[in-house]
Amino acid sequence: MDAYELIMRNASEVVTEEEVRALAAADGKRAYVGYEPSGVLHIGHMLTATKLIDLQEAGFDITVLLADVHAYLNGKGTFEEIEATAERMKEQFIAYGLDEDKTEFVLGSTFQFDREYILDLHALELETSLSRAERAMAEIKSGDTVRVSQAVYPLMQALDIVYLDVDLAVGGMEQRKVHMLARDTLPSIGEDAPTSLHTPLIADLETGIGKMSSSAGTTISMEDSTDAIEEKVNAAFCPPTADPDPDEEGRERENPVLQIFEYHVFPRFETVTVERPDKYGGNLEYDSYAALEADMESGELHPMDAKGALADALDRLIEPGRKQLEA
RNA sequence: CCGCCCUUAGCUCAGCCUGGUAGAGCAGCCGACUGUAGAUCGGCUUGUCCCCCGUUCAAUUCGGGGAGGGCGGACCA
């Protein structure tokens with residue numbers, strides 16, 4: 001796979017494709033993702049981390065921003081608490097497979113209080129309407145009271161791209177509004193509009209609707225035991241197709257089991273073996289997601305057998321991080 | 001600063017006027033049925049009724065104070 005294909009693999013969208021083509025051919029390129037520190041890595045973090053691994057292979061230097069100031073602005077606790085979790089998070093990323101030598105972990109507070117940064121931040125505030133900033137803020141739940149801090153939050157994300165000197169901003173699709181805001185407003189303070197890449201969002205495990213929730217409901221995280229993973233995967237929504245019908249209320253549904261195979265498992269494993277009792281035809285082996293999906297659609301691969309293989313693969317991906325957590 | 005409204009189960013809300021410690025829908029959990037899940041049946045759980053003080057035999061309900069949240073405070077009127 002060449003650099004361009006690696007960058008584009010499993011990306012939902014890229015802005016813009018021309019810019020990415022140019023980056024693929026360039027040397028000394030840098031990409032970043034920012035995360036609010038949290039004590040335990042969940043499957044959402046892992047999805048962008050898998051993309052970072054692709055990018056490392058494509059020749060990018062990777063910066064992981066441990067966004068302690070953002071977490072603070074989002075009401076996630078005191079700086080002391082937040083920084084304690086940042087270090088644990090870094091170790092888990094490494095355990096998950098980010099190459100320690102090719103990855104720079106940066107704590108936001110090490111540069112976001114600099115005078116220059118603050119002055120640029122105020123300049124951006126001057127260029128941005130409150131409603132635009134609010135719309136860009138991905139994590140505001142409807143019904144929550146929006147704080148001024150949460151309007152500043154996306155502007156800092158935009159500015160981070162400048163101050164970390166990155167060529168490519170990476171995030172899940174929920175980050176696209178932030179990145180569009182950055183593209184629109186950074187030029188107004190004399191900076192380049194950043195190129196961005198967005199990963200898909202995994203649908204809710206139990207319903208296939210919307211985005212898998214990390215706070216409420218069922219998610220998969222690094223602290224899950226083998227049994228817990230098996231239990232959660234087994235309870236997942238999984239009709240035998242990659243394109244399920246909408247539910248009674250007309251909401252679109254995805255197949256989260258297949259999504260996880262596509263976005264988490266196949267990027268990390270050459271082949272996937274589905275263990276299956278002889279009674280149902282014996283074991284199956286796949287070397288691509290497309291082949292697995294085709295067998296699911298045709299009925300050759302039963303969801304229950306697919307779930308067994310998925311739980312096993314996820315367990316192997318998580319195991320190093322789980323051990324690290326226990327240490 | 002002033003005015004009005006809201007705060008009851010995880011969520012959306014009813015009940016309060018005419019005091020006797022509480023309900024619905026959804027969610028969740030369990031079972032049946034499917035070789036998974038969902039759908040469909042059957043069953044079940046859940047509450048500092050925002051806080052404090054007062055009245056009362058008794059306060060979620062009445063009165064006072066406080067906190068949090070929403071909306072409004074030029075003209076058109």
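The figures here come from the full heavy-atom set of this structure, side chains too, leaving out hydrogens, waters and symmetry mates. Order of the sequence lines sets the chain letters (A, B, ...), proteins ahead of strands, with each chain counted from 1. Because the structure is predicted, anything quoted here is derived from the model rather than measured.
- Taking the P atom of each, B:rA14 and B:rG25 are spaced 16 Å apart, rounded to whole Å.
- Residues that satisfy the side-chain contact (heavy atoms from CB on, under 4.5 Å) test with A:Arg30, not counting sequence neighbours, are A:Asp61, A:Thr63, A:Glu104, A:Asp165, A:Val166, A:Asp167.
- With A:Tyr289 as the partner, the side chain to side chain contact (heavy atoms under 4.5 Å, CB included) test is satisfied by one option alone out of A:Asn10, A:Leu258, A:Val272: A:Leu258.
- The closest side-chain donor-acceptor pair between A:Asp160 and A:Tyr32, if any, does not fall under 3.5 angstrom.
- B:rU40 and B:rA59 have their P atoms separated by 45 Å, with the value rounded to a whole Å.
- Rounded to whole Å, the distance from CD on A:Glu230 to C1' on B:rU36 is 12 Å.
- B:rC49 sits 15 Å from B:rG20 when the C1' atoms are compared, rounded to a whole Å.
- Computed from coordinates, the A:Arg251 CZ to B:rA39 P distance equals 11 Å when rounded to whole Å.
- Applying the ring-ring contact (aromatic ring centres under 6.0 Å, His included) test to pairs two or more places apart or on separate chains, those with a residue in residues 57-111 of chain A are A:Tyr35-A:Phe93, A:His70-A:Tyr153, A:Tyr72-A:Phe79, A:Phe111-A:Tyr117.
- A:Phe237 has its CZ atom 15 Å from the C1' atom of B:rU34, to the nearest Å.
- Paired with A:Ile229 under the rule side chain to side chain contact (heavy atoms under 4.5 Å, CB included), one option of A:Leu314, A:Leu317, A:Leu310 passes, and it is A:Leu314.
- Positionally, the nearest nucleotide of RNA chain B for A:Tyr280 lies more toward the 5' end than for the other of A:Tyr280 and A:Arg253.
- Spacing of C1' atoms, B:rA22 relative to B:rG47, comes out at 9 Å, to the nearest Å.
- A:Ile209 has its CD1 atom 18 Å from the P atom of B:rA37, to the nearest Å.
- Applying the 4.0 Å criterion to OP1 and OP2 of B:rG69, one finds that A:Arg147 has a side-chain N or O inside that range.
- Of the P atoms belonging to B:rC51 and B:rU60, the separation is 9 Å, rounded to the nearest Å.
- In terms of the side-chain hydrogen bond (donor to acceptor under 3.5 Å, both in side chains) criterion, A:Asp192 has no residue partners (sequence neighbours excluded).
- In this structure, A:Glu231 places its CD atom 13 Å from C1' of B:rC29, rounding to the nearest Å.
- Taking a 4.0 Å limit (strictly below) on heavy-atom distances, residues 304-311 of chain A reaches RNA chain B at A:Met304, A:Asp305, A:Lys307.
- Comparing B:rC50 with B:rG10, their P atoms are spaced 13 Å from each other, to the whole Å.
- In this entry the distance linking CG of A:Leu258 with P of B:rG38 reads 17 Å, nearest Å.
- Annotation: side-chain hydrogen bond (donor to acceptor under 3.5 Å, both in side chains) contacts involving residues 299-311 of chain A, sequence neighbours excluded, comprise A:Arg276-A:Glu300.
- One can place CG of A:Asn234 at 15 Å from P of B:rG35, the figure rounded to the nearest angstrom.
- Residue-level contact check: A:Pro240 touches the bases, meaning some heavy atom is under 4.0 Å from a base atom.
- Listed by residue number, A:His302 are the residues of residues 289-302 of chain A with a heavy-atom contact under 4.0 Å to RNA chain B.
- With both ends at atom P, the span from B:rA37 to B:rU45 equals 25 Å, rounded to whole Å.
- Evaluation of the ring-ring contact (aromatic ring centres under 6.0 Å, His included) test over residues 228-258 of chain A, restricted to residues two or more places apart or in two chains, returns none.
- Listed by first and then second residue, the ring-ring contact (aromatic ring centres under 6.0 Å, His included) pairs that reach into residues 242-269 of chain A come to none, sequence neighbours excluded.
- Of the P atoms belonging to B:rC1 and B:rG65, the separation is 16 Å, rounded to the nearest Å.
- For the strand RNA chain B, secondary-structure stems (runs of at least three Watson-Crick or G-U pairs, all distances below 3.5 Å) span B:1-7 with B:67-73, B:10-13 with B:23-26, B:28-32 with B:40-44, B:50-54 with B:62-66.
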Quick one: side chains of residues 193-201 of chain A, donor-acceptor pairs under 3.5 Å with protein atoms, not counting sequence neighbours, listed by atom name and distance.
| unit_1 | atom_1 | unit_2 | atom_2 | d |
| --- | --- | --- | --- | --- |
| A:Thr195 | OG1 | A:Glu19 | OE1 | 2.6 |
| A:His198 | ND1 | A:Glu13 | OE2 | 2.7 |
| A:His198 | NE2 | A:His179 | ND1 | 2.8 |

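- If you run side chain to side chain contact (heavy atoms under 4.5 Å, CB included) between A:Val64 and each of A:Val106, A:Leu98, A:Thr48, only A:Leu98 comes through.
- Between the NZ atom of A:Lys232 and the C1' atom of B:rG38 there is a distance of 20 Å, given to the nearest Å.
- Evaluation of the side-chain hydrogen bond (donor to acceptor under 3.5 Å, both in side chains) test over residues 235-245 of chain A, restricted to residues two or more places apart or in two chains, returns A:Thr241-A:Glu297.
- Contacts classified as salt bridge (Lys or Arg N to Asp or Glu O under 4.0 Å) and involving residues 255-270 of chain A (residues at least two apart or in different chains) are not found.
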